[in-house]
Amino acid sequence: MNLQHEVPKNKRNATLNWNNDWFNSYESPWGIFEKLKFTNFIDANDILRLFGVEKVRNLKSFGKTHRQLIHLNGLDEDIVERFLGFSLHQHNNYLLQKLFQCFYNFNKSSSYYFRDDLFFCIDCLKTGYHSLFFQSKLIHFCPFHKLPLIQGCPYCRNPIPYLLSDQYTDGPFLCKCGNGWLTSETTPNPTFSWKKPIGDIQSQALNAWLNLDQSQINRLNKCRFFSGIDLEDDSEVLEKLISVVDSDFKISKEYEYTYHKIETSNYINSLKIGINENELQNANYLLKNSCDRQVE
């Protein structure tokens with residue numbers, strides 16, 4: 001379905017073009033807006049003026065809070081849905097829920113689990129595809145191609161914030177270093193390639209994570225990470241979390257670890273005494289609470 005809407009008069013196109021077939025499974029808002037900019041010769045500020053909530057649309061300039069893409073707070077849900085033909089907010093919220101519903105403190109500490117900078121799969125990027133999966137610190141390899149995820153531009157490696165902004169790029173799918181990620185050499189017909197389904201998830205761990213039942217989710221809600229742990233440092237953190245609630249899920253022997261079981265809240269105060277420093281250094285850090293109630 002092709003949709004057309006008026007855009008700013010100073011732009012080359014008189015209408016805004018969008019085809020619902022260009023939208024792919026698990027796609028991030030950043031990827032969708034890059035496609036929109038690419039096919040309509042518009043920039044991030046135009047999108048905010050078109051799609052922003054009333055307060056944002058009336059601003060002369062936009063700040064970081066207006067540009068954030070985690071929860072899309074600066075964008076009007078109804079306007080976006082009317083332009084794109086589907087609810088981007090619902091799509092985004094659904095993926096966030098599936099990825100982070102096991103963490104009780106995600107809304108308050110989203111940066112602990114969610115990457116502030118863009119991460120890419122080089123094969124996906126060549127076709128103009130970016131998944132919200134790539135922004136999760138639980139995921140270190142592309143679940144479709146099994147390639148390591150790359151932070152920032154694949155050529156110059158400069159970081160690019162996960163924002164609706166053109167400050168760090170020279171155009172859609174184009175880094176300031178001059179290297180384009182979506183070129184005629186890699187993708188001769190971008191809009192045609194966008195219509196191709198991204199394919200099935202090849203990651204056993206991610207498939208298991210997306211299909212956890214409610215009892216498993218409730219159990220993981222009671223898990224805690226030791227302070228100072230960076231999820232970026234462990235490429236198998238997702239597998240380890242799943243193994244806590246699924247005894248049949250196997251992880252590499254070299255990554256086997258010890259978790260500490262809390263039976264009483266008093267044990268929390270003495271917990272660190274019994275932890276070997278080597279355990280923490282070797283990523284043996286998962287803290288498990290198997291109580292039926294939340295420990296206070």
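Being a predicted model, the structure only gives us computed values, none of them experimental.
Under the salt bridge (Lys or Arg N to Asp or Glu O under 4.0 Å) criterion, Glu232 pairs with Arg115, sequence neighbours left out. Legend: residues meeting side-chain contact (heavy atoms from CB on, under 4.5 Å) with Leu174, ordered by chain and number and at least two apart, are Asp170. Residues passing the salt bridge (Lys or Arg N to Asp or Glu O under 4.0 Å) test with Asp166, sequence neighbours excluded: Lys37. For Glu54, the side-chain contact (heavy atoms from CB on, under 4.5 Å) partners two or more places apart in sequence, or in a different chain, are Arg57, Asn58. Taking the side-chain hydrogen bond (donor to acceptor under 3.5 Å, both in side chains) definition, one finds that Thr191 meets it with Asn189, sequence neighbours left out. Under the rule for a side-chain hydrogen bond (donor to acceptor under 3.5 Å, both in side chains), Gln167 has no partner lying at least two apart in sequence or in another chain.
Sorted pairs that involve residues 52-76 and meet ring pair (Phe, Tyr, Trp, His ring centres under 6.0 Å), not counting sequence neighbours, are lacking altogether. Within the structure, the side-chain hydrogen bond (donor to acceptor under 3.5 Å, both in side chains) test picks out the following pairs touching residues 117-145 (sequence neighbours left out): Ser28-His130, Asp117-Gln151, His130-Gln135.
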Pair up each side-chain donor or acceptor in residues 106-114 with any protein partner under 3.5 Å, not counting sequence neighbours, and list the distances.
| residue | atom | partner | partner atom | Å |
| --- | --- | --- | --- | --- |
| Tyr112 | OH | Ile229 | O | 3.0 |
| Tyr113 | OH | Asn105 | OD1 | 2.7 |

Side-chain donor/acceptor pairs under 3.5 Å, residues 204-217, sequence neighbours excluded:
| residue | atom | partner | partner atom | Å |
| --- | --- | --- | --- | --- |
| Asn207 | ND2 | Ile201 | O | 3.2 |
| Asn207 | ND2 | Ser203 | O | 3.3 |
| Trp209 | NE1 | Leu99 | O | 2.9 |
| Asn211 | ND2 | Asn207 | O | 2.7 |
| Asp213 | OD1 | Ser215 | N | 3.2 |
| Asp213 | OD1 | Ser215 | OG | 2.7 |
| Asp213 | OD1 | Gln216 | N | 2.8 |
| Gln214 | NE2 | Asn218 | OD1 | 2.9 |
| Gln216 | OE1 | Asp213 | N | 2.9 |
| Gln216 | NE2 | Val245 | O | 3.3 |

**Q.** Stepwise side chain to side chain contact (heavy atoms under 4.5 Å, CB included) test for Phe33 and Leu36
**A.** CA-CA 5 Å; Phe33 287 133; Leu36 199 63; 4.3 Å; yes

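The hydrophobic cluster around Leu163 extends to none of the other residues, as no ILVMFWY side-chain heavy atom falls under 4.5 Å of it. Apart from Ile150 itself, the hydrophobic cluster it occupies contains Ile122, Leu147, where clustering links Ile, Leu, Val, Met, Phe, Trp and Tyr at side-chain heavy-atom distances under 4.5 Å.
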